[in-house]
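Would you mind keeping the following structure in view while I ask a few things?
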Amino acid sequence: MSSVLPVSPVPLGAALPRPAAARRKKAQARQRWINALLAGVALLFLTLFLFVPLVSVFVQAFAKGVDVYLDAITHPDALAAVKLTLLAAVISVPLNLVFGVAAAWAIAKFDFRGKSVLITLIDLPFSVSPVIAGLIYVLVFGLQGWLGPWLRDHDLKIIFAVPGIVLATVFVTFPFVARELIPLMQAQGKEQEEAALVLGASGWQTFWHVTVPNVKWALLYGVILCNARAMGEFGAVSVVSGHIRSQTNTMPLHIEILYNEYQFAAAFAVASLLAGLALVTLVLKALVERRVKAELRAQQAAEAGA
Amino acid sequence: MLSRLLLKQRSVLPGFNLALGFTLLYLSLIVLLPLSAAFIKSSGMTLQAFIDAVSSPRVLASYRLTFGASLAAALVNAVFGLLVAWVLVRQQLPGKRIVDALVDLPFALPTAVAGIALTALYAQNGWIGQFLPFKVAFTPVGVFVALVFIGLPFVVRTLQPVLEDLDRSVEEAAATLGASRAQTFFKVVLPVLMPALLTGFTLAFARALGEYGSVIFIAGNLPMVSEITPLLIITRLEQYDYQGATAIAVVMLVASFVLLLLINALQAWTRRRQGATT
C-alpha cells in the first residue's frame, strides 16, 4: 500500500497546477507517517513478545555471576541431561530423515491411490498435543498398557526410561524432513531420474547422484528443524520420563526441576544453552532457506523455459 | 504387491515398493498404532463413565480456559501477524533480515525456555510485569500471553508468500478509481488475503490448543481457574487414572483432527485463490 497514490498522466512538477501539487505532497507526507506508525507498532510488538524474552534468558542466566552460571552447566545432573538430550536427537533425527526421504520418494515420484490421505497422515503428529503424544506411548508400553506385562516379564523398561524418551521425541519430530522434501520433489518431477535410468544408471546410483544433489538444501533444512525440536521437546518427554535425576532427565526437564526448586539462575543458565541452540538454528535456517528458494526458482525457471 | 495394488500407472523408476512399504510401516508403528491405543482404551469405558470423565466441572473449566485463551491468542496473532507480515514484505527497514529471522523464534526456542522466560518477565516484579496495572503471571491472562508467543509465526509465515505475490497494480488501480486507503484495504487487499489469514489463524489456534511447555510455568495451574486441558491429562495420569486421562485426550484429539481437516481445506482454498490471481 506504500505506493497507493493517484497516478497522474501529467509529468511531475511544472505542469501540475499548484493546489494539486500541494495536495500530492501532503498525501505523500501522510502516507509516510502512516507507514512509519505501522512499522513502529509491528516492531514494538515483536520486541515485547520475541526479542525481550530472548534477551532475558541470557541476562537471567548471568544474574548471579559467571561462577553460578558455570557451576550450573557443569553440574553432573546438567551434564547427564545434555547427554540424554543429544542421544535422543542423534537417534530420532536420522530415523525421521530416512523416513522423510522414503516418503518423499514414494509421494513425489509415483502416482498412487490414497496419496493425499498419506500426506495428511504424515502431518498428524503436528496437530497432536505433545502431552497426548506421551500419553499414547504410556498406553502402549506402560505397566498397564498393551505390552506392559510382556515387557515386565522380560525385564525391559521403555516408559520412565530412555527408550520412551527417544520414542516420544521421534513422534513429535516425525513430519519435519518429509514435509520439507515432499513439495520440492513434487515440483522437480521425475524427468531427470528417468533420464539417468535410461542412460544406464542403477536405481541407487540415480538416487545418490541425481535426486540427493537436487534436494540437499531442503534436506538440510528439514534436519535443522527436526533437530531443534528434538532437543527442545518438553511435554511429550515429560509424560514418559519419570523425572529420574541424571537418568531420565533431558535438558528441558532439568530446567523445569531447577526452576521449581527456585534455582532461577541455574535454570536460566541451562536454558541459555538451548536458547543459543535456537539462535544457531535461526541463522542456519535463514541461510538454508535462501538456498531452497533459489533451488525452487531455478526449477520453475527451467520449467518455464522447457 | 503394493505397486500392483496402488499405482495408477506403471513407472520406470524403481523403489516404489520399498519406499512406500517403509513409509507405511514406520507411520503405523510410530503414529497410527499408538494413536489408536487412545481410542481403543477409551472404547473400553462405559458411555456414562466416558461422559463423566470428559464433562466434570473441573474438566469443563479447563476446556473453557484452553479454547478461550487459544481463540483470543489466535485473534491477536491474526491482527498483529498480518501487520508484521505486511511490514516485512512491503517496507524497507534497517535490519529487516534479522527481524524476519527472529519471527521464527517461537518455532526454534524450546517451549520450556519460553515458559520460564515469559514467567520471569510478566511476574509482578518482572521487567514487563512491574509496569502493568493487573496481574499476568499465574492468571489466565498469562496463558493467553504464552499462546500469543507460540502462535505468531504461523500467521506471519502463512501470509508472507501471499503478500509477496499480491500485485500492487491492483491496489493502485483501486486508488486511481478513487478508493480511500481503508476502502482499498478492506475491499481489495483483505479478500485476497482472507484464505491465508484464516489458515494462519487456524494453525495458530490448533497449536495453542495442545500447547503445554510454555504455558504451565506462567499459568499458575489453579484447578477451575488457570488449569489447561493438557495439564489436566497429566494430573489424571499422575493419579493413575489412565481411563480419565485417555478420555480427555480423545476429546482433544477429535478437536485436533477436525482442525486438521479444516486447515487442509483452507490451504486448498488458498492455493486455488493464488492460482486464480497469477
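Quick caveat, the model's predicted, so the values are computed rather than measured. Each chain gets a letter, A, B and so on, in the order its sequence line appears, and its residues count up from 1.
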ask   = Checking heavy atoms, do the side chain of B:I40, its backbone, both or neither come under 4.5 Å from chain A?
value = side chain
Contacting region of B:F16 [heavy-atom separation from chain A under 4.5 Å] = both
remark   = Given B:L35, B:I234, B:V99, B:D100, the one with more heavy-atom pairs under 4.5 angstrom with chain A than any other is B:L35
inquiry  = As a quick check of understanding, evaluate side chain to side chain contact (heavy atoms under 4.5 Å, CB included) for B:T23 and A:L118, giving each step before the final call.
reply    = CA-CA 9 Å; B:T23 300; A:L118 179 61; 4.3 Å; yes
query = Between A:F49 and B:L152, does a side chain to side chain contact (heavy atoms under 4.5 Å, CB included) hold up when you go through it step by step?
reply = CA-CA 9 Å; A:F49 273 93; B:L152 180 71; 5.8 Å; no
query = So what's closer than 4.5 Å to chain A heavy atoms on B:L93: side chain, backbone, both or neither?
reply = side chain
query = Looking at A:A278, A:A267, A:P130, A:S116, which has the largest count of heavy-atom pairs under 4.5 Å with chain B?
reply = A:A278
ask   = At a heavy-atom separation under 4.5 Å, does B:A206 approach chain A through its side chain, its backbone, both, or neither?
value = neither
task = Output the option from B:G21, B:P110, B:A38, B:A255 having the highest count of non-hydrogen pairs under 4.5 Å with chain A.
result = B:P110
request  = Count the heavy-atom pairs under 4.5 Å between each of A:A178, A:A103, A:G100 and chain B, then report the option with the highest count.
outcome  = A:A103
Residue A:L46 versus chain B: region with a heavy atom under 4.5 Å = side chain
ask   = Checking heavy atoms, do the side chain of A:K109, its backbone, both or neither come under 4.5 Å from chain B?
value = both
key: Which atom of B:A19 lies closest to which atom of A:A102, heavy atoms considered   = CB-O, 3.4 Å
inquiry  = Is B:L118 in contact with chain A via its backbone, its side chain, both, or neither, using a 4.5 Å heavy-atom distance?
reply    = side chain
Contact class of A:F171 relative to chain B, heavy atoms under 4.5 angstrom = both
request  = Could you look at B:Y122 and say if it's the side chain, the backbone, both or neither that has a heavy atom under 4.5 Å from chain A?
outcome  = side chain
task = Tell me, for B:T246 versus chain A, whether the close heavy atoms (under 4.5 Å) come from the side chain, the backbone, both or neither.
result = both
ask   = Where on A:L95 is there a heavy atom nearer than 4.5 Å to chain B: the side chain, the backbone, both, or neither?
value = both
message = Is A:V98 close to chain B through its backbone or its side chain, or both, or neither, when contacts mean heavy atoms under 4.5 Å?
response = both
query = Side chain, backbone, both or neither: which part of A:V59 has a heavy atom under 4.5 Å from chain B?
reply = side chain
query = Is there a donor-acceptor pair under 3.5 Å between the side chain of B:Q91 and the backbone N or O of A:N35?
reply = yes
query = Side chain, backbone, both or neither: which part of A:V280 has an atom under 4.5 Å from a heavy atom of chain B?
reply = neither
request  = Among the options A:L279, A:L274, A:T281, pick out the one with the most heavy-atom pairs lying under 4.5 Å from chain B.
outcome  = A:L274
ask   = Is any side-chain heavy atom of A:K115 less than 4.5 Å from a side-chain heavy atom of B:K8?
value = no
Shortest non-hydrogen separation from A:A286 to B:A101 and the atoms involved = CB-CB, 4.4 Å
query = Are any of the side-chain heavy atoms of B:I30 and A:L167 separated by less than 4.5 Å?
reply = yes
key: Contacting moiety of B:T111, where chain A heavy atoms sit under 4.5 Å   = both
query = Hey, does A:I122 have a side-chain heavy atom less than 4.5 Å from the side chain of B:V31?
reply = no
inquiry  = So for A:I255, is it side chain, backbone, both, or neither that comes closer than 4.5 Å to the heavy atoms of chain B?
reply    = side chain
ask   = For the side chain of A:S127 and the backbone of B:S256, is there at least one donor-acceptor N/O pair under 3.5 Å apart?
value = no
A:F99 portion near chain B, given a 4.5 angstrom heavy-atom threshold = both
inquiry  = Once rounded to the nearest 0.5 Å, what's the spacing between atom CG of B:L102 and atom OG1 of A:T47?
reply    = 8.5 Å
request  = Flag the pair B:F217 / A:E256 as yes when at least one side-chain heavy-atom distance between them is below 4.5 Å, and no otherwise.
outcome  = yes
request  = State the CG-CZ distance between B:L5 and A:R113, to the nearest 0.5 angstrom.
outcome  = 7.5 Å
note = Pair count under 4.5 Å, heavy atoms only, with chain B: among A:L43, A:N96, A:V140, highest is A:N96
query = Which atoms form the tightest heavy-atom contact between A:P53 and B:L121, and what is the distance?
reply = CA-CD1, 3.5 Å
request  = Go through the steps to decide whether B:L260 and A:F126 satisfy the test side chain to side chain contact (heavy atoms under 4.5 Å, CB included), and finish with yes or no.
outcome  = CA-CA 9 Å; B:L260 183 67; A:F126 276 163; over 6 Å; no
inquiry  = I'd like to verify something: which residue of B:E211, B:R97, B:M252 has the highest number of heavy-atom pairs under 4.5 Å with chain A?
reply    = B:R97
Chain A contact via B:L20 - side chain, backbone, both or neither, heavy atoms under 4.5 Å = both
Any side-chain heavy-atom pair of B:V113 and A:F234 under 4.5 Å = no
Nearest heavy atoms of B:Y212 and A:G235, plus distance in Å = CD2-CA, 3.5 Å
task = Count the heavy atoms of every other residue, nucleotide or ligand shown that sit under 6.0 Å from CD1 of B:I98, and state whether that count exceeds 12.
result = no
ask   = A:L121 versus B:L27: any side-chain heavy-atom pair under 4.5 Å?
value = yes
task = Any chance you could measure B:L261, atom CG, to A:T120, atom OG1, to the nearest 0.5 Å?
result = 7.5 Å
ask   = So what's closer than 4.5 Å to chain A heavy atoms on B:D104: side chain, backbone, both or neither?
value = both
task = Please name the pair of heavy atoms, one in B:S36 and one in A:W146, separated by the smallest distance, quoted to 0.1 Å.
result = OG-CH2, 3.9 Å
query = Non-hydrogen atoms of chain A under 4.5 Å away: do they reach the side chain of B:L32, the backbone, both or neither?
reply = side chain
request  = Can you see which heavy atom on B:A249 is nearest to which on A:L135, and at what distance?
outcome  = CB-CD2, 3.3 Å
ask   = Side chain, backbone, both or neither: which part of B:L237 has a heavy atom under 4.5 Å from chain A?
value = side chain
Chi angles and distances behind the side chain to side chain contact (heavy atoms under 4.5 Å, CB included) call for B:L105, A:L282 = CA-CA 7 Å; B:L105 183 72; A:L282 288 185; 3.9 Å; yes
inquiry  = If you count heavy atoms of other groups shown closer than 6.0 angstrom to CZ of A:F51, is the number above 12?
reply    = no
key: Residue A:V101 versus chain B: region with a heavy atom under 4.5 Å   = neither
Validation row: B:P34, A:L139 side chains within 4.5 angstrom (heavy atoms) = no
query = Between B:L24 and chain A, which part of the residue has a heavy atom less than 4.5 Å away: side chain, backbone, both or neither?
reply = side chain
key: Part of B:I116 lying under 4.5 Å from any heavy atom of chain A   = both
query = Is the number of heavy atoms from other residues, nucleotides or ligands within 6.0 Å of CZ (B:F186) greater than 12?
reply = no
request  = Heavy atoms only, distances under 4.5 angstrom: which of A:L124, A:V57, A:L253 has the most pairs with chain B? Name it, please.
outcome  = A:L124
inquiry  = For A:L38, which atoms come within 4.5 Å of any heavy atom of chain B: side chain, backbone, both, or neither?
reply    = both
Minimum side-chain heavy-atom gap B:L13-A:L197 below 4.5 Å = yes
